[in-house]
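Before any comments, here is the structure.
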Amino acid sequence: MRLMGGLLIVSAFSFCGVSFAGEAKTEIRALEALLSLLRTLSQRLSWGKEPLHTLFSSMDDPYLERIGFLPLLRNAEGRNYPDAWERALRLLPLPPEAMREAQALGASLGRVSLEAQLERLSLCIASIETCRENAQDNARRKCRSTVALWVLAGLLAALLLI
């Protein structure tokens, strides 16, 4: 009976470690979704020169749909894209550096020339790619150490209780 209790304690602590490690993966998923959106936006602006409303209404990303990012942009009217972009960014779990870059892009969205928007998009994409690479490296290290720490804490708790 004690062995079974000890295994349950270790399992519970292991589950906590895995769930904490999963939070880092959520940030990476948000960065990847934003990068995909920005690349599509850049490509379609440079090739088709479509208006922003048409671009956002035709984009499809299940993650960005689920959190409400794309619906906010689709409902933006006229030249109100910077405000809608700002509200939509608050829904994404982005690191501070990526958030600053995305906010700087949003401030010019639909308000400056096409060339300036494309230049700002390319700068933003490069910066967010760097953030994603850093987040992936940190997540690998953090996931391993977090899970190991929680498993060890579970073992210690089980030994103390048995």
Side-chain angles (χ1 to χ4, degrees), residues 12-150 153:
F13 273 77
S14 299
F15 179 73
C16 288
V18 170
S19 67
F20 278 122
E23 290 176 11
K25 292 180 182 178
T26 303
E27 183 179 280
I28 293 170
R29 175 66 183 113
L31 287 167
E32 288 174 346
L34 184 60
L35 271 173
S36 175
L37 177 114
L38 293 176
R39 286 183 185 127
T40 303
L41 185 63
S42 176
Q43 182 181 40
R44 291 185 61 189
L45 276 175
S46 63
W47 287 92
K49 296 179 177 64
E50 299 174 55
L52 288 174
H53 181 71
T54 306
L55 289 173
F56 289 131
S57 48
S58 65
M59 287 188 180
D60 183 35
D61 184 306
Y63 176 76
L64 294 176
E65 288 285 341
R66 188 177 68 245
I67 64 168
F69 186 89
L70 284 175
L72 272 173
L73 293 175
R74 287 184 187 129
N75 294 332
E77 297 177 9
R79 296 182 57 85
N80 198 21
Y81 284 108
D83 295 333
W85 183 264
E86 184 70 32
R87 285 193 315 271
L89 282 177
R90 289 187 206 130
L91 300 173
L92 291 173
L94 297 175
E97 182 182 326
M99 184 63 84
R100 279 192 302 275
E101 285 298 319
Q103 286 171 334
L105 169 69
S108 65
L109 205 57
R111 292 188 174 174
V112 295
S113 69
L114 180 62
E115 291 79 24
Q117 282 185 22
L118 290 172
E119 183 178 322
R120 188 71 199 136
L121 269 167
S122 65
L123 290 172
C124 188
I125 288 170
S127 176
I128 291 177
E129 281 176 341
T130 303
C131 287
R132 184 196 58 194
E133 291 168 5
N134 292 340
Q136 285 174 332
D137 291 341
N138 290 338
R140 273 189 227 108
R141 282 182 298 212
K142 184 179 177 182
C143 288
R144 277 190 236 133
S145 60
T146 300
V147 171
L149 183 64
W150 278 92

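Positions are given from 1 along the sequence.
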Who pairs with Arg29 by side-chain hydrogen bond (donor to acceptor under 3.5 Å, both in side chains), at least two apart in sequence or on another chain? Asp61
What residues, two or more places apart in sequence or in another chain, satisfy salt bridge (charged side-chain N to carboxylate O under 4.0 Å, His left out) together with Asp60? none
By side chain to side chain contact (heavy atoms under 4.5 Å, CB included), Ala107 pairs with (sequence neighbours left out) none
What are the two closest non-hydrogen atoms of Thr26 and Pro93, and how far apart are they? CG2-CG, 3.9 Å
Considering only residues two or more places apart or on different chains, which pairs with a residue in residues 89-105 satisfy salt bridge (Lys or Arg N to Asp or Glu O under 4.0 Å)? Glu101-Arg120
Residue pairs, two or more places apart or on separate chains, that pass ring pair (Phe, Tyr, Trp, His ring centres under 6.0 Å) and touch residues 89-121: none
For Ile28 versus Ala135, what's the shortest heavy-atom pair and its separation? CD1-O, 3.7 Å
Can you tell which of Leu34, Leu70, Leu73 makes a side-chain contact (heavy atoms from CB on, under 4.5 Å) with Leu64? Leu70
Would you please name every residue forming a side-chain hydrogen bond (donor to acceptor under 3.5 Å, both in side chains) with Glu86, sequence neighbours left out? Gln103
By the ring pair (Phe, Tyr, Trp, His ring centres under 6.0 Å) test, which pairs, at least two apart or in different chains, include something from residues 127-149? none
Set out, in order, the CA-CA distance, both residues' side-chain angles and the distance that settles side-chain contact (heavy atoms from CB on, under 4.5 Å) for Leu41 and Met59, then state yes or no. CA-CA 9 Å; Leu41 185 63; Met59 287 188 180; 3.8 Å; yes
Under the side-chain hydrogen bond (donor to acceptor under 3.5 Å, both in side chains) rule, collect the residues that match up with Glu133, sequence neighbours excluded. none
What pairs of donor and acceptor atoms, side-chain ones from residues 122-131 against any protein atom, are under 3.5 angstrom apart with sequence neighbours left out?
unit_1	atom_1	unit_2	atom_2	d
Ser122	OG	Glu119	O	2.8
Glu129	OE2	Arg39	NH2	2.3
Thr130	OG1	Ala126	O	3.1

Quick test of your reading: applying ring pair (Phe, Tyr, Trp, His ring centres under 6.0 Å), list the pairs with at least one residue in residues 100-127, sequence neighbours left out, ordered by first then second residue. none
Expected output: side-chain Trp85 to main-chain Ser108 donor-acceptor under 3.5 Å: no
Listed by chain and number, what are the salt bridge (charged side-chain N to carboxylate O under 4.0 Å, His left out) partners of Arg66, not counting sequence neighbours? none
Between atom CG of Leu38 and atom CG of Leu45, what is the distance when rounded to the nearest 0.5 Å? 10.5 Å
From Arg74 atom CZ to Ser58 atom OG, the distance as rounded to the nearest 0.5 Å: 8.0 Å
For the CZ atom of Arg132 and the CG atom of Leu94, what is their distance to the nearest 0.5 Å? 13.0 Å
How are the rings of Phe56 and Tyr81 set relative to one another: parallel (under 30°), tilted (30 to 60°) or perpendicular (over 60°)? tilted
How far does CG of Leu105 sit from CG of Leu121, to the nearest 0.5 angstrom? 5.0 Å
Who pairs with Asn134 by side-chain hydrogen bond (donor to acceptor under 3.5 Å, both in side chains), at least two apart in sequence or on another chain? none
Would you confirm whether Thr40, through its side chain, and Ser36, through its main-chain N or O, come within 3.5 Å as a donor-acceptor pair? yes
Atom of Phe69, atom of Ala88 and distance for their closest heavy-atom approach: CD1-O, 3.2 Å
